[in-house]
Chemist: 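One structure follows; several queries about it will come next.
Numbers for residues simply follow the sequence, beginning at 1. Please read all numbers here as calculations on a predicted model, not as lab measurements.
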Amino acid sequence: MDIDEFWFLIEQSARETTSKETRLKWLHERLAQRPAEEIVDFGAWMLTARRQIDTWLMWSAVRALYLDGSDDGFWYFQMWLVGLGRETFERVVRDPDTLVDVPAVRRLVVMTQKRQSWTNDDWPTFESLDYVAMSAWEQATGKGHEKLSEALRSRGFELFALPNPTDEAWELDNAEESARRLPRTHRYMRELYSRRT
């Protein structure tokens, strides 16, 4: 499975379903029918994508938009961003300050500003997307998920259970520094919250 096929499956799963739960089922069914090596490929592409957005700058953007600030929240957000598809993902990878321009993000920010509750499908987290290769692997091979982990490690991947940013570290609670690094995001939030609710 190459990178194009990986993104095709991610995007097709969104087009063919109406909820996170049905999307996971759709992906699981298609992956479980593939050879074990392709399931490993899917897992590898997921890890590759995740590494690109596991940065302090992306984490700061998520926090500045009030999407979540916790370790777990940012970890699960990464999967949600992958789930938005290749074009959105690659644009935000190039510049985390463009996260503020993503329609799904703006919708959630406005809902928060208006004190509207998010449904489970609204939440900008998609933890279970991280496990779909594992469940497909277990069904297709009859082997435990640790064998999939071994296969990924043999390809040179390090496996983490929480964020592990590798870019320049800085204090995420420093509002001035965050505003300097993410000017569009902070300008949008100031303008939004200066309006009457």
Side-chain angles (χ1 to χ4, degrees), residues 6-24 27 45-130 132 162-165 167 170-197:
F6 168 78
W7 282 114
F8 172 81
L9 286 170
I10 292 292
E11 293 170 354
Q12 189 69 12
S13 70
R15 288 190 291 269
E16 296 286 332
T17 62
T18 58
S19 69
K20 289 176 181 175
E21 184 178 344
T22 56
R23 189 173 182 187
L24 291 168
L27 277 167
W45 287 120
M46 189 68 79
L47 289 169
T48 299
R50 168 166 258 163
R51 291 305 301 149
Q52 293 176 54
I53 53 175
D54 190 13
T55 67
W56 293 109
L57 189 58
M58 186 70 69
W59 201 344
S60 181
V62 171
R63 290 168 61 109
L65 292 163
Y66 303 146
L67 299 177
D68 198 327
S70 68
D71 292 0
D72 287 350
F74 181 51
W75 191 242
Y76 305 148
F77 166 84
Q78 293 172 13
M79 293 291 85
W80 182 79
L81 186 57
V82 169
L84 293 182
R86 188 175 196 170
E87 182 181 341
T88 296
F89 177 86
E90 290 181 346
R91 184 173 65 248
V92 174
V93 165
R94 285 190 300 272
D95 181 4
D97 205 14
T98 63
L99 181 64
V100 70
D101 300 323
V102 175
V105 169
R106 284 203 174 199
R107 178 177 164 271
L108 293 175
V109 170
V110 169
M111 287 176 71
T112 298
Q113 188 250 359
K114 292 182 176 180
R115 296 181 177 83
Q116 297 172 347
S117 298
W118 296 345
T119 67
N120 183 56
D121 282 319
D122 288 330
W123 274 89
T125 59
F126 203 176
E127 176 185 4
S128 297
L129 185 58
D130 200 26
V132 72
L162 286 172
N164 187 39
D167 60 330
W170 51 287
E171 179 52 58
L172 294 179
D173 290 327
N174 185 328
E176 184 177 318
E177 185 65 12
S178 178
R180 185 183 73 78
R181 294 176 186 246
L182 298 160
R184 294 171 67 179
T185 298
H186 283 268
R187 183 168 54 251
Y188 172 77
M189 295 299 282
R190 280 194 309 272
E191 291 172 356
L192 180 67
Y193 277 87
S194 69
R195 301 173 197 155
R196 292 182 180 269
T197 57

Chemist: Is the shortest distance from a Lys or Arg side-chain nitrogen in R91 or D101 to a carboxylate oxygen in the other one below 4.0 Å?
Modeler: no
Chemist: Would you say W59's side chain and G69's backbone share a donor-acceptor pair under 3.5 angstrom?
Modeler: yes
Chemist: Can you check whether R181's main-chain N or O pairs, donor with acceptor, with D97's side chain at less than 3.5 Å?
Modeler: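 Not a single qualifying donor-acceptor pair exists.
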Chemist: Answer whether the closest heavy-atom distance between the side chains of F74 and D54 falls below 4.5 Å.
Modeler: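 They are in contact (side-chain heavy atoms under 4.5 Å apart), so the answer is yes.
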Chemist: Under the 6.0 Å and 45° cation-pi test, does R50 pair with W75?
Modeler: yes
Chemist: Are W123 and Y76 side-chain neighbours, meaning at least one heavy-atom pair lies under 4.5 Å?
Modeler: no
Chemist: Please enumerate all residues that pass ring-ring contact (aromatic ring centres under 6.0 Å, His included) together with Y66, with sequence neighbours excluded.
Modeler: Y193
Chemist: Tell me every residue that passes ring-ring contact (aromatic ring centres under 6.0 Å, His included) with W170, counting only those two or more places apart in sequence or in another chain.
Modeler: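 Applying ring-ring contact (aromatic ring centres under 6.0 Å, His included) to W170 gives none.
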Chemist: Which heavy atom of V109 sits nearest to which heavy atom of Y188, and what is that distance?
Modeler: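 Taking V109 first and Y188 second, the nearest heavy atoms are CG1-CE2, 3.9 Å.
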Chemist: What orientation do F77 and W80 show, parallel under 30°, tilted 30 to 60°, or perpendicular over 60°?
Modeler: tilted
Chemist: Ignoring hydrogens, what is the shortest heavy-atom contact between S178 and S60? Give both atom names and the distance.
Modeler: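 Heavy atoms of S178 and S60 come nearest at OG-OG, 3.0 Å.
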Chemist: After noting the C-alpha distance and the side-chain angles of D68 and S70, does the key distance pass the side chain to side chain donor-acceptor pair (under 3.5 Å) rule?
Modeler: CA-CA 6 Å; D68 198 327; S70 68; 3.1 Å; yes
